[in-house]
Amino acid sequence: MKTTFIRVKNEDDKRLKDAAEIIKRGGLVIFPTETVYGLGANALDAQASSHIYKAKGRPSDNPLIIHIARPEDAEKYAYTSPLYYKISERFMPGPITVIMKKRDIIPVSVTGGLDSVAVRCPVNKTARKLIELSGVPIAAPSANISGRPSPTKAEHCVQDMDSRVDMIIDGGPCEVGVESTIVSVLDGKVRLLRPGRVTLEELREVCGDVEVDDAVVRKMKDNEHPLAPGMKYRHYAPKAPVWAVTGAEEKVNAFFRAREVEKCGILCYDEDAESLPQSELVLTFGHHDDLEEQAKLLFDALRRFDSLPVREIYARLPSDSGIGFAVRNRLVKACGFNAIDLDKVKVVGICGSIGSGKSTFARELERLGAFRIDCDEVYSVIVGAPGKCIDELRESFGENIVLPDGSLDRKALSEEVFSNSDKLELLDLITHKYISAEVDRLILEGEKLGRNIILVEAPLLFESGFDKKCDTTVAVTAPESVKLERITARDGCTVEEARARLYRQLDDITLSSKSDKIIVNDTDENGLIKSAESLYKELNA
Ligand code: TXA
Ligand code: MG
């Protein structure tokens with residue numbers, strides 16, 4: 001199908017007649033509205049509307065909104081009520097859609113099989129003129145391929161719909177930028193099914209009590225059905241997965257900086273971007289306080305990520321007041337409800353010398369729900385297979401520290417560095433760099449899993465500088481005699497050997513003075529478990 005593209009300055013453009021002719025004969029026309037661009041067809045023609053579903057790749061159970069030129073035209077297509085007029089007098093023409101019981105003249109294929117119909121009278125003059133000239137209501141969903149962000153500029157419509165529709169009318173960028181507010185007035189109650197430019201606060205002013213459908217604020221389970229069928233789909237989404245990030249200013253900015261280094265996409269406020277390096281991967285959606293601007297820019301920004309080389313996107317979760325509620329709703333959907341609340345996350349460093357019981361303690365916290373990162377294990381994985389870390393170690397310490405399978409010969413390495421403090425320092429410098437990067441990756445993994453407590457269990461917590469990754473640090477200590485007993489029993493070594501190993505590490509007094517909390521493990525395992533339980537409670541409070 002060849003798509004005709006026209007650019008109209010105002011509703012007097014003669015070519016709108018051609019567009020209306022296309023609608024009348026059952027074709028598809030993309031037109032501007034104040035919210036987003038719509039993909040229109042004659043709402044009274046079942047066959048014409050079925051082309052909409054095909055062009056968008058939209059599931060047939062997801063009903064369409066019918067667009068009318070005057071609020072009172074609703075009468076012809078729906079059973080209106082005083083509530084409808086209360087709403088329409090205040091907000092129509094404008095960015096609001098009202099769901100009412102439908103009249104027979106509207107085909108069920110337009111309403112996805114429902115006996116209700118969604119009615120909207122846009123304020124955009126080009127849209128209204130097109131409806132008037134067509135002489136029929138126009139069924140129109142947003143003019144995007146199903147699941148993609150709604151189009152707020154004609155170029156977005158071309159990206160998605162070129163050669164799938166008869167005509168695209170470019171009327172410039174949409175003023176609002178998020179789709180209309182949808183309310184149902186079925187059962188004589190006002191229910192908000194989708195937030196938009198007409199805000200919940202404004203609706204409550206006019207209608208009193210307004211319920212908010214669950215699908216607006218939380219993820220639907222597989223067996224649940226939102227009142228607006230379209231709300232169940234992952235929507236508005238770029239191709240890469242998106243995570244919504246909240247938290248104190250500095251925390252979010254530090255988080256964004258770290259992600260930018262990893263070449264992730266960042267969607268943030270103009271103000272955030274000022275503290276980030278200039279990068280094509282950092283996109284902004286307006287000023288911190290300008291919620292209307294955020295609404296206007298959100299979808300365009302989400303779309304732009306598709307042409308950038310990003311595997312993941314992290315987005316600032318906007319305020320939820322006024323129109324911010326709608327912006328937040330769209331973003332949360334784009335994220336598929338993936339969220340990271342940095343204010344809730346506590347990264348806890350756990351240190352302690354050998355035999356102190358630090359691992360038992362950390363495992364107990366893990367059992368209670370914490371996300372545990374064992375730095376010893378991270379080290380073993382890194383040096384257990386060929387890779388950049390081994391390459392660097394080989395360069396510094398020679399070929400003989402690498403085993404035939406490409407993994408590290410730990411014994412050879414410790415002989416190499418043993419009793420040479422310069423070499424030991426170099427070794428730490430190299431390995432800590434790789435362990436640090438992996439620990440950062442694992443912290444992010446814990447955050448993405450929604451874990452509030454993330455443990456960094458590190459024997460060299462302070463020496464490695466990993467304590468700087470932590471919000472709080474805990475030292476597990478025990479009397480030397482107890483430690484020696486544990487080490488000899490566990491590793492089958494002599495007391496002298498155990499003592500030598502112990503003395504190579506920071507002593508309990510030093511560790512305790514550096515840590516925020518001290519756990520004294522001088523009784524039995526039950527005592528340690530109790531300490532873990534009370535710390536877990538305290539951290540979660
Ligand atoms: O601003 C807008 O509303 C734009 C412009 C083009 O007018 N249109 C739009 O349409 O966003 P669409 O199809 O992308 O979203 C319509 C939403 C869907 O979630 C759909 O499930 C819901 O409205 N809907 C339509 N008819 C309904 C009905 N009878 N009952 C419940 N929900 C309905
Ligand atoms: Mg849509």
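First listed ligand is number 1; within each ligand, the first listed atom is number 1. Residue numbers run from 1 in the order of the sequence given.
- For the residue pair Arg194 / Ser180, a side-chain donor-acceptor distance below 3.5 Å is found, with atom types taken as modelled.
- Heavy-atom proximity to Leu64, at under 4.0 Å, picks out these atoms of ligand 1: 25 (C), 26 (N).
- For Lys56, no nitrogen or oxygen atom sits less than 3.5 Å from a nitrogen or oxygen atom of ligand 1, counting backbone and side chain alike.
- Distance check, rounded to the nearest 0.5 Å: CG of Leu276 to SG of Cys268 gives 5.5 Å.
- Looking at ligand 1, you'll find an N or O of Gly230 within less than 3.5 Å of one of its N or O atoms.
- Expressed to the nearest 0.5 Å, how far CD of Glu445 lies from CD1 of Ile443 amounts to 11.5 Å.
- Listed by atom number, the atoms of ligand 1 under 4.0 Å from Asn62 heavy atoms are 18 (C), 20 (C), 21 (O).
- Annotation: cation-pi pair Arg103/Tyr79 present, NZ/CZ under 6.0 Å from the ring centroid and within 45° of its normal.
- The closest approach between a heavy atom of Leu227 and any atom of ligand 1 is below 4.0 Å.
- The shortest heavy-atom distance from Lys102 to ligand 1 is not under 4.0 Å.
- Cation-pi contact between Arg257 and Phe255: absent, since separation from the ring centre below 6.0 Å together with deviation from the ring axis within 45° is not met.
- Under 4.0 Å from ligand 1, not a single heavy atom of Thr111 appears.
- Between Tyr314 and Phe256, the distance separating the two ring centers is not shorter than 6.0 angstrom.
- Residue Ile99 approaches ligand 1 through these ligand atoms, each under 4.0 Å from one of its heavy atoms: 27 (C), 28 (C), 29 (N), 30 (N), 31 (C), 32 (N), 33 (C).
- No hydrogens or angles considered: a donor-acceptor pair under 3.5 Å links the side chains of Ser436 and Lys469.
- Using a 4.0 Å cut-off between heavy atoms, Arg58 contacts ligand 1 through its side chain alone, with no backbone atom that close.
- Of the N or O atoms in Ser142, one or more lie within a sub-3.5 Å distance of an N or O in ligand 1.
- Note on Ser142: counted as a metal contact of the Mg ion (ligand 2), an N/O/S atom lying under 2.8 Å.
- For Thr33, no nitrogen or oxygen atom sits less than 3.5 Å from a nitrogen or oxygen atom of ligand 1, counting backbone and side chain alike.
- Where the criterion is an N or O separation shorter than 3.5 Å, residue side chain and backbone included, Glu179 fails it with respect to ligand 1.
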